[in-house]
Protein chains: 2
Amino acid sequence: MTGDGVGLRVGLSAAILAVTDEQPRVVTVGRSEWGRSDKAALPFGILDAFAHRTLELGLRSWVQELAELVLGYTEQLYTFGDRDRVDRPLLTAAPSEDEERVISVAYLALTREAESEGGDGVDWRDIYRFLPWEDGRGEQPSRSRQLALDAIGRWCRKPRARAERERREERAQFAFGLDREVWDSEKVLERYELLFEAGLVAESDPDGSSWPDGGFSSRPMAADHRRILATALGRLRAKIKYRPVIFELMPEQFTLFELQRTVEALAGLRLHKQNFRRLIDRGGLVELTGGVNAQTGGRPAKLYAFRRDVLRERRAPGVGLPGQR
Amino acid sequence: MTGDGVGLRVGLSAAILAVTDEQPRVVTVGRSEWGRSDKAALPFGILDAFAHRTLELGLRSWVQELAELVLGYTEQLYTFGDRDRVDRPLLTAAPSEDEERVISVAYLALTREAESEGGDGVDWRDIYRFLPWEDGRGEQPSRSRQLALDAIGRWCRKPRARAERERREERAQFAFGLDREVWDSEKVLERYELLFEAGLVAESDPDGSSWPDGGFSSRPMAADHRRILATALGRLRAKIKYRPVIFELMPEQFTLFELQRTVEALAGLRLHKQNFRRLIDRGGLVELTGGVNAQTGGRPAKLYAFRRDVLRERRAPGVGLPGQR
DNA sequence: AGAGTAATGCTTAAACTGAGCATAAAGCAA
DNA sequence: TTGCTTTATGCTCAGTTTAAGCATTACTCT
């Protein structure tokens, strides 16, 4: 434990999210200079020991430089340091002889795609390309979710030892809610980890050729970036329930239905319209601006704006998805 | 941002918590070899790059070695990397010429004090010695909480610029809930940060002499360890609401009232007895063992044990403090 | 036996949730 | 203009959950 720290590097990665056209999106830097394959990667960089006073300040200025993005809400997600879950080529063009180890501190940041300049190598991608089973807005259940459920079911029954089967069953139950229909939208990371362990999604992909993914066409990401993305989505889904971060993703003015669509995009499920609107205005989260949006196709919708005072009034102002108990 | 990482070290720290005699406690290694002053420090060590496959495994084995403790639930808390909030002497006996920077990955771990062997330099301390304003179980409001509130109130009114006053007011409102009586037990870190910024509690203490603490006798800790402790307490308070981690702190069998006392100790507040018990057994969290505890002074209390099956049945099994909305 | 002390059981009003019906205000076509 | 379609918005209702407190039970101690 008390080695001298040689061969250790600290990196920062960022999952920078936005919601555009009812799709949650993430900034990637998929240029092939970054790795062997053309897999998408999150913005990633090695931390300079002295450039910045705090990690978060370092992140902000580095992202600003990279992508000319203005980050809104930012939060640290997790620090990953597993030895066996990184692609070498991403980090050092020549994998060093002495197997340098990288600790990466991952951040979640919110912004608006429309407002971004879109720097050089910056691409926005739909996050459900990487985690398709997380989008449950379409048919019930969606094709790729059903595939995931089936595959996990098989994985649970595979082992010989009964104890092992039960262990798997319990974890699957927890993450996917197998027999009962309780799908907890927040357990994104738990589901991803399970799919990963079950060999259903690939993370590292040294060959750049075979992407085992059990039938649903999910895209891998470089290194352990898909895990970071899963962490980010799970965290954000939890966060919107008790903190008004959703407004970081909205334009200045919006209709309640647009707000609902944005929440649904993140949560990956559909909400009851009337109840959603009741929750929002009984929560004091928004105020009328006076304007209307007549482009609805029906009765024009009133425009609202985030009501900042709610921060002083309520302890945990958020949007509250159904079935929270 | 793309420096070469020289001068960067990664450390692990652990806030190892237990509840003993209705007091939340934490493992410290207060021996003076660790620093100049006799301030308590959390277990802390520099990470050896290759010893362990994952950070958490590294933590477990290192703690095991240090303190002969068996850790139960463990979770990563946060990675701290602020430049100006560490004591030098704690990290390297001789502060290096080139100002080595330390990134420390902090963990929360739960255990039972009674079961610990108590290794060499290991001391258990009441956590409310370090964060006295967080304990609201006594009179309402407690002396040190009132002192904190007063001091924060003064701090809010201090600045000349009105904008600054309002900024402070908003943060204070958020963390302490000033005029209304909403004290959110989870916002431990937010309160600590505010007190720190207001100069009411000291973190680093180079001289080892002056501990400004605005009247309430709170103890500092080495380096930024008190911040880590605050993070740990806040996280744990949140966690018990939706995850049955409280049982990691309980003996095998217990009465509902003992369970309540343990929850109260962590949450820092008193609960309604009948409602607490209703919540617990309607939540399916426990089952009768058949035994009774006759040492109550009144009617003997039935003994209960944690009911593991709840993990399969409920999505977010926890104890739920009042006023959660 | 009677008083004291805690555990345990139960009631009630208020608040909240999930679901759906009903109405309002637009555009569009006959 | 009227009537139809579409979406926004208003409102009701039954089932749950919560906060608070009263009532009863089962022990010990005197």
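Residue numbering restarts at 1 for every chain, and letters A, B, ... go by the order of the sequence lines. Just so we're clear, the structure is a prediction, and the values are computed from it rather than from any experiment.
Going from atom CZ of A:Phe276 over to atom C1' of C:dT17 covers 15 Å, rounded to whole Å. Whole-Å rounding puts the B:Gln295 CD to C:dA6 C1' distance at 13 Å. We find that CG of B:Asp281 is positioned 13 Å from C1' of C:dC10, with the value rounded to whole Å. Spacing between atom CG of B:Leu279 and atom P of D:dA19 amounts to 8 Å, rounded to whole angstrom units. One interatomic measurement links the two molecules: CD1 of B:Ile280 to P of C:dT8, which rounds to 13 Å at whole-angstrom precision. Taking atom CG of residue A:Leu259 and atom C1' of nucleotide D:dT9, one finds them 15 Å apart after rounding to whole Å. Remark: P of C:dA24 and CZ of A:Arg277 are 15 Å apart, rounded to the nearest angstrom. Atom pair B:Phe257:CZ and D:dC27:P shows a separation of 19 Å (rounding to whole Å applied).
In this structure, the side-chain contact (heavy atoms from CB on, under 4.5 Å) partners of B:Arg112, at least two apart in sequence or on a different chain, are B:Glu115. Considering only residues two or more places apart in sequence or on other chains, B:Glu166 meets the side-chain contact (heavy atoms from CB on, under 4.5 Å) condition with B:Arg162. With sequence neighbours left out, A:Arg129 forms a salt bridge (charged side-chain N to carboxylate O under 4.0 Å, His left out) with no residue at all. By the salt bridge (charged side-chain N to carboxylate O under 4.0 Å, His left out) test, B:Arg270 is found to be paired with B:Glu264, residues two or more places apart in sequence or in another chain being considered. Residues passing the ring pair (Phe, Tyr, Trp, His ring centres under 6.0 Å) test with A:Tyr78 are A:Phe80, sequence neighbours excluded. The side chain to side chain donor-acceptor pair (under 3.5 Å) test applied to A:Asp309 returns no partner, not counting sequence neighbours.
The list of ring-ring contact (aromatic ring centres under 6.0 Å, His included) pairs with a residue in residues 249-283 of chain A, not counting sequence neighbours, reads A:Phe247-A:Phe254.
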Within the sub-3.5 Å range, which N or O atoms of nucleotides 20-22 of chain C have a protein N or O partner, and how far apart are they?
from	atom 1	to	atom 2	distance (Å)
C:dG20	N7	A:His272	NE2	3.1
C:dC21	N4	A:Gln274	NE2	2.4

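Under a cutoff of 6.0 Å and an axis angle of 45°, A:Arg315 and B:Trp183 do not form a cation-pi pair.
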Indicate for each nucleotide in nucleotides 25-30 of chain C, in 5' to 3' sequence, whether protein heavy atoms under 4.0 Å reach the base (B), only the sugar-phosphate (S), or nothing (-).
BS----
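In this structure, CG on A:Leu266 lies 8.0 Å from CZ on A:Arg237, to the nearest 0.5 angstrom.
Taking only distance into account, the side chain of A:Arg278 meets the base of C:dG18 through a donor-acceptor pair shorter than 3.5 Å.
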